[in-house]
Amino acid sequence: MPEVKLPDSWKHRIQDEFSKDYMVRLRSFLVEQKQAGKMIYPRGSEYFRAMDLTDFENVKVVILGQDPYHGPGQAHGLSFSVKPGVQLPPSLVNIYKELQEDLGIHPVRHGFLEKWASQGVLLLNSVLTVEHKQAASHQGQGWEMFTDRVIRELNDHRDHLVFILWGSYAQRKGSVIDISRHLVIKSPHPSPLSAYRGFFGSRPFSRANDFLVQNEMQPINWQLDEVVEQVAEPA
């Protein structure tokens, strides 16, 4: 694992996680995988990209994913997002369909969601790395404990957040969220295998914005720009 450079807003809350035994083991695991010649996604500088783009105090909405995409050039540290020029994954195609049905927003041709992140949408995967073409290959190595801590900090020290939990995995992970203080939106996963079981028609985007407005916060502009310049790679 590369040297961790978290934004200050996150660092003073979760820095202690990096000295815990599970994180030491996770670092060793990642080093061993790379020494064995395995390709790991995303690149090391993007492991914590979600937190780099969305400060703790600026989080309004959390969209919880499971693992990074495991194809070449896809993952860049934000759940459900892919880099400009990469073909849209099927789940993201369905997210865009629901966005259009919910808010009338016409889908763009790219899957780069950093504009959402810059407005306070924390696009957090439960597991932050994966091996090339090996889905779920890094589950159970420790990342889940780290992201559990992230969720607990948000749950305990922020108010009136929206947690969007798509699928049973995200819903189990989000079971600690205090629904008396936060809005939890649950539905089936947007995967083609489950989207027609209740994801379509769930209206997560308008429901999130309605809640934010009710609590005197600026709603998210879910409309993405049609043309996205290639973003500079994190250092």
Side-chain angles (χ1 to χ4, degrees), residues 41-43 46-54 59-103 105-130 135-136 138-139 143-144 147 150-151 154 161-174 184-200 202-209 220-225 228 231:
Y41 302 132
R43 56 184 290 177
E46 294 172 325
Y47 290 175
F48 305 100
R49 186 68 170 157
M51 287 178 281
D52 289 340
L53 293 174
T54 312
V59 174
K60 298 177 181 178
V61 178
V62 180
I63 299 181
L64 188 60
Q66 189 165 346
D67 296 278
Y69 296 122
H70 54 81
Q74 291 181 307
H76 66 107
L78 304 183
S79 62
F80 296 101
S81 181
V82 293
K83 292 183 179 180
V86 175
Q87 183 177 357
L88 292 178
S91 291
L92 189 52
V93 170
N94 285 338
I95 290 169
Y96 283 179
K97 287 180 180 178
E98 178 60 20
L99 183 58
Q100 183 172 21
E101 182 67 24
D102 187 7
L103 292 175
I105 291 176
H106 187 72
V108 293
R109 291 188 292 270
H110 64 83
F112 192 62
L113 305 181
E114 284 202 357
K115 183 177 178 181
W116 293 357
S118 68
Q119 297 177 74
V121 181
L122 183 68
L123 295 160
L124 181 69
N125 278 317
S126 175
V127 177
L128 301 188
T129 58
V130 71
H138 289 186
Q139 287 187 13
W143 281 127
E144 294 92 340
T147 51
V150 172
I151 292 170
L154 290 166
L161 300 183
V162 180
F163 291 85
I164 298 178
L165 308 179
W166 290 325
S168 58
Y169 183 95
Q171 289 162 25
R172 288 193 301 271
K173 191 173 181 71
V184 176
I185 299 175
K186 300 179 182 180
S187 80
H189 195 276
S191 161
L193 298 174
S194 56
Y196 287 94
R197 300 176 191 162
F199 171 75
F200 290 130
S202 61
R203 302 180 59 244
F205 308 102
S206 61
R207 290 165 65 191
N209 276 356
I220 304 299
N221 176 11
W222 297 102
Q223 176 68 68
L224 297 166
D225 298 327
V228 177
V231 177

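Worth saying up front: this structure is predicted, and the values here are computed from it rather than measured.
For P90, the side-chain contact (heavy atoms from CB on, under 4.5 Å) partners two or more places apart in sequence, or in a different chain, are P192. Residues passing the side-chain hydrogen bond (donor to acceptor under 3.5 Å, both in side chains) test with S118: none are found, sequence neighbours excluded. Taking Q171 as the reference, L165, K186 meet the side-chain contact (heavy atoms from CB on, under 4.5 Å) condition, with sequence neighbours excluded. Legend: residues meeting side-chain contact (heavy atoms from CB on, under 4.5 Å) with V108, ordered by chain and number and at least two apart, are Y96, H110, Q223, L224, E226. K60 is linked by a salt bridge (charged side-chain N to carboxylate O under 4.0 Å, His left out) to nothing, counting only residues two or more places apart in sequence or in another chain.
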Could you check W166 against I95 for side-chain contact (heavy atoms from CB on, under 4.5 Å), going step by step and ending with a plain yes or no? CA-CA 11 Å; W166 290 325; I95 290 169; 3.5 Å; yes

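Judged purely by atom type and a 3.5 angstrom limit, D102 uses its side chain to pair as donor or acceptor with the backbone of F205. Looking at K115, its side chain never comes within 3.5 Å of a backbone N or O of W222 through a donor-acceptor pair. Put simply, the side chain of S126 never gets that close to the backbone of W143: no donor and acceptor are under 3.5 Å apart.
Note on residues 188-198: no pairs pass side chain to side chain donor-acceptor pair (under 3.5 Å), not counting sequence neighbours.
Comment: K83 engages E46 in a salt bridge, judged by a side-chain N to carboxylate O separation of less than 4.0 angstrom.
Side-chain contact, Y47 with T129: no donor N or O sits under 3.5 Å from an acceptor N or O.
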